[in-house]
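Labels below follow one simple rule: chain letters A, B, ... track the order of the sequence lines, proteins then strands, and each chain is numbered from 1.
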Number of protein chains: 2
Amino acid sequence: MQIGAVARKSGVPAKTIRYYESVGLIAAARREASGYRSYGDPDVETLRFIQRARGLGFSVRQVGDLLALWQDRARHSAQVKALSIEHLAEIEAKIAALQGMRDTLEHLIEGCQGDDRPECPILADLAGSSGAETVK
Amino acid sequence: MQIGAVARKSGVPAKTIRYYESVGLIAAARREASGYRSYGDPDVETLRFIQRARGLGFSVRQVGDLLALWQDRARHSAQVKALSIEHLAEIEAKIAALQGMRDTLEHLIEGCQGDDRPECPILADLAGSSGAETVK
DNA sequence: CTTGACCTTCTAGTAACTAGAAGGTTTATT
DNA sequence: AATAAACCTTCTAGTTACTAGAAGGTCAAG
């Protein structure tokens, strides 16, 4: 299989596959006589695994760790769980930060007339007019 | 005031102030005979404004727009409101995406024993074992 | 023998900084 | 005067995870 076919089957763009190879997330592919990369079905599986893990927000580095565990028959599920819990915490922190922004923003937007006059509590807040503070 | 003082007063690191200048978010500062950048109190206010807007998640580009509106006496609050609503939508989209990840991840983590055995529903899911799907 | 669909590598751009290097200026102290 | 400490300057490069584009090689069909 050439890279285009793997890309179609896995859903990972060919450019991204080359990128993953370049950063060492996946092993360098065998080459055909032409110099074209050559893949097999297991490679498609690997790319799908990567795709899903990335979809859950794991960083490429974390995906590398997961991949290693996946391919390690002697792994302990505790390792996978620990990695996942760590990532979950990061996600929750991001959610909390975004919710803080959302709440403040919603509040400010509500207070803004949104007409052709210049008065605007959003700008007033950003300017530091002591009003509703930009989240603590 | 030199850049270090403004940095302390505004809370924006000197390097970041230079960066903001380099990308045109703030005007190039006047220079002292020495070549050092020179600032006044209004500059501190501007940087605080930027700081707060960034804290609400506005992109540097958006902050530039907000800054322009802030300094425009003829602005319409509707413009500010529109920009903010747009940004709020982006934030909510991010929150939703992260919540999807969190829910899936939580579910998978719950199902994982986390012991010294290799069986792991997290890896199984990533491998595409049809189980709990990686969010729809 | 040319067209089209593939493939290759390499460079650079994206967002928003941050770190570090190499070196100039100012102020205080010896 | 010399020197040290604390500032400041510019420039380069690294961070994350790709993506776009350029220039060019390969292969099958017409």
Side-chain angles (χ1 to χ4, degrees), chain A residues 1-26 28-40 43 46-47 49-67 86-87 90-91 93-94 97-98 101, chain B residues 1-26 28-40 43 46-47 49-67 86-87 90-91 93-94 97-98 101:
Chain A
M1 238 184 306
Q2 294 185 345
I3 202 168
V6 193
R8 275 186 299 278
K9 286 198 187 184
S10 67
V12 179
K15 288 217 165 186
T16 304
I17 297 174
R18 288 193 200 98
Y19 167 74
Y20 285 157
E21 184 184 304
S22 82
V23 297
L25 179 60
I26 55 180
R30 278 161 289 132
R31 300 296 181 120
E32 298 175 356
S34 59
Y36 290 4
R37 286 174 180 78
S38 176
Y39 300 90
D43 297 314
T46 299
L47 286 165
F49 180 100
I50 292 172
Q51 185 88 323
R52 290 203 187 85
R54 292 284 302 127
L56 283 181
F58 285 99
S59 70
V60 167
R61 179 181 296 268
Q62 287 173 319
V63 174
D65 294 342
L66 288 171
L67 222 38
E86 203 177 312
H87 176 50
E90 290 164 11
I91 288 179
K94 281 188 195 170
L98 287 169
M101 294 180 195
Chain B
M1 235 185 308
Q2 293 184 346
I3 201 168
V6 193
R8 275 187 298 277
K9 287 197 186 184
S10 67
V12 179
K15 288 217 165 186
T16 304
I17 297 174
R18 290 193 200 98
Y19 168 73
Y20 285 157
E21 183 184 305
S22 82
V23 298
L25 179 59
I26 55 180
R30 278 162 289 131
R31 298 298 180 119
E32 298 174 356
S34 60
Y36 289 5
R37 287 174 180 77
S38 176
Y39 299 90
D43 296 313
T46 299
L47 285 165
F49 181 100
I50 291 172
Q51 185 88 323
R52 291 204 186 83
R54 292 284 302 129
L56 283 181
F58 285 100
S59 70
V60 167
R61 179 180 295 270
Q62 287 173 319
V63 174
D65 294 344
L66 288 171
L67 221 39
E86 202 176 312
H87 176 50
E90 290 164 13
I91 287 179
K94 281 186 195 170
L98 287 169
M101 293 179 195

S.K.: State, with a plain yes or no, whether a side-chain heavy atom of R30(B) is found less than 4.5 Å away from one of D43(B).
M.R.: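 They are in side-chain contact.
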S.K.: Between Y36(A) (OH) and dG24(D) (C1'), how many Å, whole number?
M.R.: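 So the OH-C1' distance, Y36(A) to dG24(D), works out to 11 Å.
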S.K.: Figure out the CZ/P separation between R30(A) and dC7(C), and round it to whole Å.
M.R.: 15 Å
S.K.: When rounded to the nearest 0.5 angstrom, what is the spacing between OH in Y20(A) and CG in L67(A)?
M.R.: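 If I round to the nearest 0.5 Å, the distance is 10.5 Å.
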S.K.: How long is the line joining CG of L25(A) and C1' of dA17(D), in whole Å?
M.R.: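 L25(A) atom CG is separated from dA17(D) atom C1' by 11 Å.
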S.K.: Could you check V60(B), V63(B), T16(B), L66(B) and say which one makes a side-chain contact (heavy atoms from CB on, under 4.5 Å) with I50(B)?
M.R.: V63(B)
S.K.: For the CZ atom of R18(A) and the NZ atom of K15(A), what is their distance to the nearest 0.5 Å?
M.R.: 7.0 Å
S.K.: Could you work out which one of dT26(D), dT8(C), dC8(D) sits closest to the side chain of S34(A)?
M.R.: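 Between dT26(D), dT8(C), dC8(D), the one nearest the side chain of S34(A) would be dT26(D).
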S.K.: Where the side chain of Q2(B) meets the backbone of Y36(B), is there a donor-acceptor pair that is under 3.5 Å apart?
M.R.: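 No, Q2(B) side chain to Y36(B) backbone: no donor-acceptor pair under 3.5 Å.
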S.K.: Would you please confirm or rule out a distance under 4.0 Å between OP1 or OP2 of dC8(D) and any side-chain N or O of R37(B)?
M.R.: no
S.K.: For dC6(C), does either OP1 or OP2 sit under 4.0 Å from a side-chain N or O belonging to Q2(A)?
M.R.: no
S.K.: How many Å lie between CD on E32(B) and P on dC7(D), as a whole number?
M.R.: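 The distance from CD of E32(B) to P of dC7(D) comes to 14 Å, rounded to the nearest Å.
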S.K.: V12(B) and side-chain contact (heavy atoms from CB on, under 4.5 Å): which partner among I3(B), V6(B), I17(B), I26(B)?
M.R.: I17(B)
S.K.: For the helix from dC1(C)-dG30(D) to dT30(C)-dA1(D), what angle lies between the axis at the first five pairs and the axis at the last five pairs, to 10 degrees?
M.R.: 40°
S.K.: CZ of R8(B) to CE of M1(B): how many Å apart, nearest 0.5 Å?
M.R.: 10.5 Å
S.K.: Tell me whether the side-chain N/O atoms of R31(A) come closer than 4.0 Å to OP1 or OP2 in dT9(C).
M.R.: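 Yes, within the criterion.
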S.K.: Rounded off to whole Å, could you give me the CD1-to-C1' distance for the I3(B) and dT10(D) pair?
M.R.: 12 Å
S.K.: Keeping H87(B) on the side-chain end and Q62(B) on the backbone end, is there a donor-acceptor pair under 3.5 Å?
M.R.: no
S.K.: Nearest whole Å is fine: how far is dA17(D) C1' from R18(A) CZ?
M.R.: 16 Å
S.K.: Could you tell me whether the side chain of K9(A) reaches within less than 4.5 Å of the side chain of Y39(A), counting heavy atoms only?
M.R.: no
S.K.: List the protein contact pattern of nucleotides 13-23 of chain C with one symbol per nucleotide (5' to 3'): B for base contact, S for sugar-phosphate-only contact, - for none; contact means a heavy-atom distance under 4.0 Å.
M.R.: ---BBSBB---
